[in-house]
Amino acid sequence: MDVSYLLDGLNDAQRTAVSAPSGSYLILAGAGSGKTRVLTNSIAWLIKTENVSPYSVLAVTFTNKAAAEMRSRIELLLGMPVRGMWVGTFHGIAHRLLRAHWKDANLPQNFQIIDSDDQLRLVKRIIKSLELDEKKWPARQAVGFINSHKDEGLRPKNIEDYGDLYTKTHLDIYRAYEEACQRGGMVDFAEMLLRAHELWLNNPLLLKHYQERFSHLLVDEFQDTNSIQYAWIRVLAGDKDNILVVGDDDQSIYGWRGAKIENIQKFSTDFPNSEMIRLEQNYRSTGTILKAANGLITQNVGRLGKELWTDKGDGDSINLYAAFNEIDEARYIVARIKDWNTQGNNFKEAAVLYRSNAQSRVLEEAFLRAQIPYRIYGGQRFFDRLEIRNALAYMRLISHRDADASFERVINMPTRGIGDKSVQMIRSLARGNDISMWQAARNIVASTAMTARARNAIQIFLDLIEAMDDGTKENDLVGLCEIVIKQTGLKEYYAKEKGEKGQARLENLEELISAARTFDPEPDFSADEADEKAEPITALDEFLSHAALEAGESQSDPNQDSVQMMTLHSAKGLEFPLVFLSGLEDGLFPHQMSTEEPGRLEEERRLCYVGITRAMKELYLTYAETRRINGSETYNRISRFVNEIPSELVQEVRMSNIVTKPVRQVGARRSKVLSGDVDGTDLKLGQRIKHSKFGEGVVVNYEGQGKQARIQVNFDDEGSKWLMLAYAPLLPLD
DNA sequence: AGTCCCCCCATTTTT
DNA sequence: TGGGGGGACT
């Protein structure tokens, strides 16, 4: 059998990786080094040459998109569908295991996935029921406490409070939350992973079965695994030493959500027979861009080590633009993109990256004004929209009457005269008798509690759900969607909503129907897997799980030629011929909140590294000497990261012929147009100075000329002061 | 039940 | 600057 096509066009390191014999490997794959290709080809290689059955392969990724892409590329390489192969996200695979082995996992068969929003609502309710001060114990923080401990594999019983009130209170919340979840058969995202891990630990036979089945394990984006994910895969790997992980420690940017860069750093210790293969040849960027990236990232300590190179030429210099303010920065970027387009390039080849979402606004305005099409990544995803969540909650309630979270969500949505008091009563009755809210509501209706009017309203709601459920028997998923949207009154409700918003919501509801129409139950979920004894699941339940696990299609239209705008985080994995890294100011990037601890600063640096390595041909760095952040003017110094890029690679763009007239804020005093330079001196706005008496500070404003010139300085210790320039004993610091 | 107003807050995001 | 949440008012 000729398998040479699996190696064609690969470099030595890639070939080594693809054709590696059985064993454990850490593929350190630099940005743009052909990682995905190596991963897919090596799976194809295993199947083609080593006679490994697809049935024995487990490949794990982080996003559904990556999983889908991997599967389709492997099928393309093999020229056939690979049904038995497990390719999916950690959560998707955990979910599948729990569905199949719900008993062993100590879950009810019809357990439900709750997403972050459901989780937050539930925790809020719990905090209330524990009679804690909601101001003092914000639900978000409690959710953070719960999730981060779950990510570490810690149950309440594993956590010690050492008499600390903060920990103690959160533990109480955690415990109550766990109870509520267990009672309602609800599983949050972190819980899925934790349960899947416990499934291994508590069921040695089951574990053994899967260990034998999956002879080959592969993990993508290994640097992003958290403790529980790594623990899960490690247990599954057992001691057969046959695991291939791909990742890049220099692109680990998700530490703040539990990812452990240590996992990749200690892989070689955990798997002592493993081999490390470095993919350092880059096929994306120019030499200059790579040198910049390398120069920057060497500032980090404890790296596994890697230096990107290319056999292409150096290419153009990196451009650095010092904007006067954020508006000027946006204008500059727009102007460059206009040039780019005039030279015959597409808008969609250009990307503007920023550290925080708030920065997109000014950019957006500039693009709007220049009438350049743009697209902003991120924002709310389809299944997260309010109207969709409401419709789904109805569907969940139809499927599972005891889904309390859904019950509460829709009992009075749209309003049908069931007020807070009624809901509270139902809730406490349910809690008191350890029954579902649905059951409690039924009991109330049959009793003489509450007014007849309230009982009647509840009865109508109960009847509505029952009636729709009857409909499920004659209708398929699409039919049910239609019924839900109409009969619940959601459609009517949103139709009445004023403005475009209501219209958009209606369209989304229609979109939900088409999502149901195109919904394709995972083909091999319950097929031919005797070992899983998978119970049949209704199409409705599958659809609901799908909605919880998948964000919904990205609404992007790839045919549209528009400038791409996104945060640095969302840019990971993408590439663009022309890239702008904007807002390169200390305090913004690296972000103020990440500058204290060295570890976090390093993550910011890696984020910058990710940004730089997105660029294929041209890279622009921009910063603003003054920027409005959260309503107040700030004066930041240029990002330290810029200074960590070898200066010979960087070309500073002068303000020269383009007159950058800064726009004064309405209502600002002092009319003089600020040029950025304080007349007749080498002082600039934003510059740090030292005053012999007041200490160090930053120049924030100035007025007057010559002998009359005064400057305003924000001193670190003394606050803001106006000083006569002619007399003030100042020393510029930068 | 819906609207208004005030206060508070403020990275990054996938499942 | 602005968005979200909570409380008070109509």
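In the text below, chain A, chain B and the rest are named by the order of the sequence lines, each starting its count at 1.
For A/Thr415, counting side-chain heavy atoms from C-beta on, the closest listed nucleotide (B/dT14, B/dT11, B/dG2) is B/dG2. Listed candidates were C/dG6, B/dT11, B/dA1. Nearest to the side chain of A/Asn412 is B/dA1. Nearest nucleotide to the side chain of A/Arg257, out of B/dT15, B/dT11, B/dT13: B/dT13.
Contact annotation: A/Arg381 side-chain N/O to B/dT14 OP1/OP2 distance is under 4.0 Å. At the phosphate of B/dT13, OP1 or OP2 sits under 4.0 Å from a side-chain N or O atom of A/Ser570.
In this structure, the side chain of A/Ser399 does not engage the main chain of A/Met395 through any donor-acceptor pair within 3.5 Å. In this structure a side-chain-to-backbone donor-acceptor pair under 3.5 Å is present from A/Asn226 to A/Gln229. Judged by distance alone, the side chain of A/Glu387 and the main-chain N or O of A/Tyr494 form no donor-acceptor pair under 3.5 Å. A donor-acceptor pair is defined here as one N or O able to donate and one able to accept, closer than 3.5 Å; such a pair exists between the side chain of A/Glu604 and the backbone of A/His591.
At a cut-off of 3.5 angstrom, the base of B/dT15 holds at least one donor-acceptor pair with the side chain of A/Ser116.
Whole-Å rounding puts the A/Asn64 CG to B/dT14 P distance at 11 Å. If you measure from atom CD1 of A/Ile376 to atom P of B/dT13, you get 13 Å, rounded to the nearest angstrom. Note: CD (A/Gln141) to C1' (C/dG5) measures 17 Å, nearest angstrom. Rounded to an integer number of Å, the gap from A/Asn630 CG to B/dT11 P is 6 Å. For A/Phe382 and B/dT15, the CZ to C1' distance is 18 Å, given to the nearest whole Å. Taking atom CG on A/Asp118 and atom P on B/dT15, their separation rounds to 16 Å, with Å as the unit. In this structure, the CZ atom of A/Phe383 is 18 Å from the C1' atom of B/dT13, given to the nearest Å. Look at CD on A/Glu365: it is 11 Å from C1' on C/dT1, rounded to the nearest Å.
The same atom, C1', is picked in B/dT12 and in C/dG5; the two are 23 Å apart, to the nearest Å.
Among the heavy atoms of the strands, none lies under 4.0 Å from A/Asp224.
Less than 4.0 Å separates DNA chain B from at least one heavy atom of each of the following residues of residues 355-362 of chain A: A/Arg355, A/Ser356, A/Asn357.
Between A/His591 and B/dT11, a base-stacking contact is recorded: ring centres under 5.5 Å apart, planes less than 30° from parallel. By the criterion of a centre-to-centre distance under 5.5 Å and near-parallel planes under 30°, the ring of A/Trp256 forms a stack with the base of B/dT12.
Two residues, A/Gly631 and A/Tyr254, neighbour DNA chain B, and the one matched to the more 5' nucleotide by heavy-atom proximity is A/Gly631. Comparing A/Arg600 and A/Glu550 by the nucleotide of DNA chain B whose heavy atom lies nearest to each, the residue mapping closer to the 5' end is A/Arg600.
A cation-pi arrangement is absent between A/Arg385 and A/Phe382, since the terminal nitrogen or guanidinium carbon is not both under 6.0 Å from the aromatic centre and inside a 45° cone about the axis. For the pair A/Arg99 and A/Phe111, the cation-pi criterion (under 6.0 Å, within 45° of the ring axis) is fulfilled.
Side-chain rings of A/Phe461 and A/Phe407 approach one another, their centers coming within less than 6.0 Å.
Between the side chains of A/Asn147 and A/Gln119, a donor-acceptor pair is found at a separation under 3.5 Å.
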